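Here's the structure, in structure tokens; my notes come after.
Both counts, for ligands and for their atoms, begin at 1 and track the order of listing. Keep in mind it's a predicted model, so treat the numbers as computed, not measured. Nothing fancy with the numbering, it's 1 onward along the sequence.
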Amino acid sequence: MSFSTLLQTLQSIVGPAHVLIESADNDLVQYVRDWRGRERGVALAVVRPNSTEQVAAVVKACAASNKAGSGVSIVPQGGNTGMVVGSTPDASGTQIVLSLQRMNNVRKLDGGNGTITLDAGCVLQNVQQACFDAGYLFPLSLGSQGSCTIGGNLGTNAGGTQVVRFGNTRELCLGLEVVTAQGEIWSGLSGLRKDNTGYDLRDLFIGAEGTLGIITGATMKMYPLPAAKLIAFAVLPSLDAAVSLLQLAQKHLSAGLTGFEVMGQFALSLVGKHFPQQRVPFLGTAFSGVVAPYCVVLENSDQESEAHAKAQFERLLEEAMEAGHVLDAVVAENMTQAKQLWHIRESIPLAQAQEGLNIKHDISIPVSSIPEFVRVTDAKLAESFPGARLVNYGHLGDGNLHYNVQAPEGADQAEFLETQEPGVNALVFDMVMQFQGSISAEHGIGSLKVEKLPHYKSPVAMELMRTIKRALDPQNMMNPGRVIEV
Ligand SMILES: Cc1cc2nc3c(=O)[nH]c(=O)nc-3n(C[C@H](O)[C@H](O)[C@H](O)COP(=O)(O)OP(=O)(O)OC[C@H]3O[C@@H](n4cnc5c(N)ncnc54)[C@H](O)[C@@H]3O)c2cc1C
């Protein structure tokens with residue numbers, strides 16, 4: 001089957017208006033360039049189905065065309081906010097971008113079961129709002145929540161700022177609906193918390209980055225809204241102190257600790273530089289004079305009352321100050337201030353993007369080893385790449401750092417990336433391995449790290465993954481070249 005016959009078939013499935021083809025008048029940049037602006041691919045077409053049946057028919061048509069030798073493949077896409085170049089087409093012009101954005105309905109909200117069942121294209125922020133309006137909390141929370149989708153969150157097993165209490169997206173998911181690589185619909189939208197009837201198919205598709213099938217719907221857990229949510233912003237003498245504060249916070253707040261984010265001084269200074277309208281405490285605006293090597297945002301969600309939450313926070317911070325883990329701290333007085341404090345943390349990736357291209361490392365290390373890892377790796381980087389600037393921040397409560405490397409001040413950033421990225425990556429990832437960590441904590445592998453994975457994952461694990469991929473997608477049609485080469 002030729003591409004033009006395939007495109008006609010796709011038009012008959014989703015309607016001509018929803019098969020987008022790049023032309024002088026039709027710039028598809030939002031679908032074909034990755035969020036970080038690292039790569040721009042070429043799509044055979046962007047296809048926008050609006051139902052699971054349409055997704056299945058599109059996949060069937062592509063599989064038939066592929067069998068006839070066309071070489072077409074499919075790149076599932078949600079909000080295209082992924083960090084590892086996994087949701088945009090390559091340069092071949094043979095890939096269909098399958099955008100789920102039109103599939104954005106809440107199918108069912110079941111308060112008694114504590115679940116919400118959704119189309120995969122629902123934007124995360126709208127899901128949070130739908131749950132909130134019904135009196136529930138949907139805890140998944142990311143800086144990209146205004147654009148990213150539940151399908152993308154599941155595809156990447158996204159983490160975010162509430163993992164310390166609620167786990168990754170995987171832990172929030174009870175059931176999935178998936179269109180397989182053969183175009184069959186697997187309806188596994190169970191709201192069950194217990195179901196031991198064989199292999200866990202759901203967990204295979206979560207975190208597969210669209211390489212095994214297309215998630216079209218999901219049943220997700222909801223939680224009771226807290227009676228009060230308090231945010232503290234603390235200034236710390238060191239990263240060791242941050243680990244000690246985390247332990248203390250877990251002891252004092254227990255399940256109430258719903259966020260624990262660490263931010264290095266340079267990361268915060270970028271927010272101050274690129275978003276000067278934001279008041280960053282301890283950076284000289286709110287509390288002049290105090291310059292902290294590290295700051296932490298802590299969130300305490302309390303099921304009792306605001307007074308209870310405040311008393312708990314005060315006891316925690318008092319003890320932490322006495323022990324020397326905290327130099328100073330501010331607790332938000334109201335929701336507006338709380339949002340402002342969170343916004344500082346959420347602005348770091350955006351401020352970093354404004355500063356220019358950088359080399360990102362989304363790594364995880366056992367929490368207790370993080371200070372030593374940073375000490376040793378900082379020193380090695382300074383020695384091998386003099387002047388390189390380290391943007392260090394992340395979800396310390398989950399042992400997850402965004403340990404990013406920015407070119408030296410005034411250097412040509414693109415040239416730094418081109419010439420130094422392989423060396424910087426090798427140094428950082430080798431250190432991650434020495435500390436028994438992972439080279440991808442939450443962003444995934446995409447095409448950016450696909451060549452590195454075999455170097456850092458055991459041969460047995462790689463072969464098991466290849467076996468699964470070949471069994472579920474024998475034509476290698478689902479997001480090929482991402483996660484694993486077969
Ligand atoms: C400012 C900012 C902050 C971020 N913060 C975080 C953070 O704290 N934690 C975190 O984990 N990530 C974070 N991210 C990364 C990103 O937002 C997440 O990975 C998110 O889950 C991607 O969702 P998406 O809908 O944009 O997916 P996309 O970018 O469109 O796709 C991501 C991957 O999932 C696959 N995919 C998409 N939809 C489906 C589907 N329906 N079925 C199967 N596969 C699918 C794609 O093929 C691709 O491989 C951040 C990104 C930005 C820009």
With heavy-atom distances below 4.0 Å as the criterion, list the atoms of ligand 1 near [X].
{"X": "G82", "result": "29 (O)"}
{"X": "G210", "result": "43 (C), 44 (N)"}
{"X": "E209", "result": "35 (C), 47 (O), 49 (O)"}
{"X": "T149", "result": "24 (P), 25 (O)"}
{"X": "N153", "result": "20 (C), 21 (O), 23 (O)"}
{"X": "H395", "result": "8 (O)"}
{"X": "G213", "result": "43 (C)"}

Any N or O of [X] closer than 3.5 Å to N or O of ligand 1:
{"X": "I214", "answer": "no"}
{"X": "L142", "answer": "no"}
{"X": "S141", "answer": "no"}
{"X": "G78", "answer": "yes"}
{"X": "A158", "answer": "no"}
{"X": "G159", "answer": "yes"}

What part of [X], side chain from CB on, backbone N/CA/C/O, both or neither, has a heavy atom under 4.0 Å from ligand 1?
{"X": "E346", "result": "neither"}
{"X": "L100", "result": "side chain"}
{"X": "N479", "result": "side chain"}
{"X": "R482", "result": "neither"}

Evaluate the side-chain proximity of F416 to V405: yes if any heavy-atom separation is below 4.5 Å, no if none is.
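Yes, close enough: below the 4.5 Å cut-off.
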
Could you pull out the closest heavy-atom pair between [X] and [Y], with the gap in Å?
{"X": "Y31", "Y": "V97", "value": "O-CG2, 4.2 Å"}
{"X": "C131", "Y": "L137", "value": "CB-C, 4.4 Å"}
{"X": "T211", "Y": "A208", "value": "OG1-O, 2.7 Å"}

Could you check [atom] against the protein and tell me its nearest heavy-atom contact, residue, atom and distance included?
{"atom": "atom 42 (N) of ligand 1", "result": "I215 N, 2.9 Å"}
{"atom": "atom 53 (C) of ligand 1", "result": "W35 CE2, 3.2 Å"}
{"atom": "atom 39 (C) of ligand 1", "result": "G151 O, 3.6 Å"}
{"atom": "atom 36 (N) of ligand 1", "result": "P76 O, 4.0 Å"}
{"atom": "atom 15 (C) of ligand 1", "result": "T81 O, 3.6 Å"}
{"atom": "atom 7 (C) of ligand 1", "result": "E442 OE2, 3.4 Å"}
{"atom": "atom 24 (P) of ligand 1", "result": "G79 N, 3.4 Å"}
{"atom": "atom 4 (C) of ligand 1", "result": "S144 OG, 3.9 Å"}

Testing D110, T219, N105 one by one against T117 for a side chain to side chain donor-acceptor pair (under 3.5 Å), which residue passes?
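The residue from D110, T219, N105 that satisfies side chain to side chain donor-acceptor pair (under 3.5 Å) with T117 turns out to be T219.
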
Could you list the residues that satisfy salt bridge (Lys or Arg N to Asp or Glu O under 4.0 Å) with D27, not counting sequence neighbours?
R40

Please list, chain by chain and in numerical order, all residues satisfying side-chain hydrogen bond (donor to acceptor under 3.5 Å, both in side chains) with S438, sequence neighbours excluded.
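So S438 forms no side-chain hydrogen bond (donor to acceptor under 3.5 Å, both in side chains) with any residue.
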
salt_bridge(E261, R345) N-O dist < 4.0 Å
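Looking at E261 and R345, the cut-off is met.
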
Charged N to carboxylate O below 4.0 Å: is that the case for E346 and K339?
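Between K339 and E346 there is no salt bridge, as every charged N stays at least 4.0 Å from the carboxylate O atoms.
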
Does the R48 side chain pair with the main chain of Q101, one donor and one acceptor, at a distance under 3.5 Å?
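No: the side chain of R48 does not pair with the backbone of Q101.
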
Please evaluate residues E485 and K469 with respect to the criterion salt bridge (Lys or Arg N to Asp or Glu O under 4.0 Å), reporting the C-alpha separation (whole Å), side-chain torsions for both, the decisive distance (0.1 Å), and the verdict.
CA-CA 9 Å; E485 305 271 13; K469 169 75 175 165; over 6 Å; no

Option whose closest heavy atom lies nearest to atom 19 (O) of ligand 1, chosen from V75, V55, N80, T156:
T156

Side-chain donor-acceptor pair under 3.5 Å between [X] and [Y], yes or no?
{"X": "E442", "Y": "H402", "answer": "yes"}
{"X": "Q413", "Y": "E355", "answer": "no"}
{"X": "Q77", "Y": "S99", "answer": "no"}
{"X": "T258", "Y": "E299", "answer": "yes"}

